[in-house]
2 protein chains.
Amino acid sequence: MELVKIYECLCDLTRLRLLHVLVQGPLCVCHFQEVLGEPQVKISKHLAYLRDRGLVESERQGNWVIYALPAKPTRELTSNLACLQDCARENAVFKRDLARLKKIEPACAWVRAGEPQKAPGQCRCGPGAAT
Amino acid sequence: MELVKIYECLCDLTRLRLLHVLVQGPLCVCHFQEVLGEPQVKISKHLAYLRDRGLVESERQGNWVIYALPAKPTRELTSNLACLQDCARENAVFKRDLARLKKIEPACAWVRAGEPQKAPGQCRCGPGAAT
DNA sequence: GTCTCATATTCCTATTGAGGAATATGAATC
DNA sequence: GATTCATATTCCTCAATAGGAATATGAGAC
């Protein structure tokens, strides 16, 4: 059942955080690392888990892979993401993620705007990139 | 995290069905068996799982054990149960459960009303009880 | 006490998934 | 071609859980 698959995706904290951040807009893997403060393998695996189950979509842009919520989410997904937003509103972990996202925002504006990659070379995340 | 625990409870179809039915009101284990059409062990184990995590409460009344949603559910639980109701609305499995619940309703009215057990002896569920 | 009914628990097997270390892939630069 | 950067995958171990069969528990009837 579709609905069970959604809940299987939601029952891990890392994935909850990924989805919660994704509601704000598309993001690439290295930015997720920055925002969540988790190692690359962990982020990448959980994103793959979500992609395999249709909760997110990915698109390669040069060296980066941009993840986004599906263009046409199901009613169930929409409903549950709204519920998640509601539940996360007053939670410290989720609030911290949003705060870190805001700090990074200038550096990753081109991703969030959906524009094609403009500035090849090093990714602007990593230590010191957004400080 | 509280929220993850809720989602862990929701990521199994049997538990989803139990909770969905419970929104209609308290029920005893044998009625769950009737409504879901699943074996006793399965029902009992999943109810225990939910109880251990605080999603349902139980109360013994003679031979029966009545399960109910918590008297004071958390904001997260309330929110997610509402979401579940919304998602389940047009789903065949959940609709069938509700239909079976209605057929049984006359037989288990005393449970749903929260009254103390009136009619000791055999439980009125089981084959032929509600037909 | 015994018997019966409703429910819970134990024991088992099989599957799933999390996490990390190491390695592989794919694209861009030189 | 080689190198570098971003990301994905493989291999491993450990823990959680689903499901069923069998058995245990707890309460009421007699």
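Below, chain A is the first sequence line, B the second, and so on; all start at residue 1.
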Notebook entry, point to check: Atom OH of B:Tyr7 to atom P of D:dT17: distance rounded to whole Å?
Noted result: 18 Å

Next item on the list: At under 4.0 Å between heavy atoms, which parts of nucleotides 16-26 of chain C does protein reach? Answer with one letter per nucleotide, 5' to 3': B base, S sugar-phosphate only, - none.
Entry: -SSBBB----B

Check: Could you state the CH2-P distance from A:Trp64 to C:dA27, rounded to the nearest angstrom?
Finding: 14 Å

Check: Tell me: CG of A:Leu47 to P of D:dA8, nearest whole Å?
Finding: 7 Å

Notebook entry, point to check: Can you name the residues that form a side chain to side chain contact (heavy atoms under 4.5 Å, CB included) with A:Val4, not counting sequence neighbours?
Noted result: A:Met1, A:Glu8, B:Leu13, B:Leu16

Next item on the list: Using the test side chain to side chain contact (heavy atoms under 4.5 Å, CB included), find all partners of B:Ser79 that sit at least two apart in sequence or belong to another chain.
Entry: A:Cys83, A:Asp86, A:Cys87

Checklist line | Separation of D:dT17 C1' from B:Asp52 CG (nearest whole Å) | finding: 13 Å

Next item on the list: Answer with base, sugar-phosphate or nothing: what part of the nucleic acid does A:Phe32 contact at a heavy-atom distance below 4.0 Å?
Entry: nothing

Next item on the list: Give the rounded distance in Å between these two atoms: CG of B:Leu10 and C1' of D:dT17.
Entry: 16 Å

With a cut-off of 3.5 Å and sequence neighbours excluded, list every side-chain donor-acceptor pair involving residues 40-48 of chain B.
| residue | atom | partner | partner atom | Å |
| --- | --- | --- | --- | --- |
| B:Lys42 | NZ | B:Glu38 | OE1 | 3.2 |
| B:His46 | ND1 | B:Arg15 | NH1 | 3.1 |

Next item on the list: Report the distance from atom CD of A:Gln33 to atom P of D:dA6, rounded to the nearest whole Å.
Entry: 9 Å

Margin query: Does any part of the side chain of A:Tyr49, heavy atoms only, come nearer than 4.5 Å to the side chain of A:Leu18, both counted from C-beta?
Written below: no

Notebook entry, point to check: Using a cut-off of less than 4.0 Å, is there contact between a side-chain N or O of A:Ser44 and OP1 or OP2 of D:dA8?
Noted result: yes

Check: Who are the side chain to side chain contact (heavy atoms under 4.5 Å, CB included) partners of B:Asp52, not counting sequence neighbours?
Finding: none

Margin query: So, using side chain to side chain contact (heavy atoms under 4.5 Å, CB included) as the criterion, who are the partners of B:Pro70 when residues are at least two apart?
Written below: B:Glu57, B:Pro73, B:Leu77

Check: How close or far is atom P of C:dT7 from atom OH of B:Tyr67, stated in whole angstroms?
Finding: 9 Å

Note to self: Measure CG/A:Leu50 against C1'/D:dA8 and give the value in whole Å, please.
What the structure shows: 15 Å

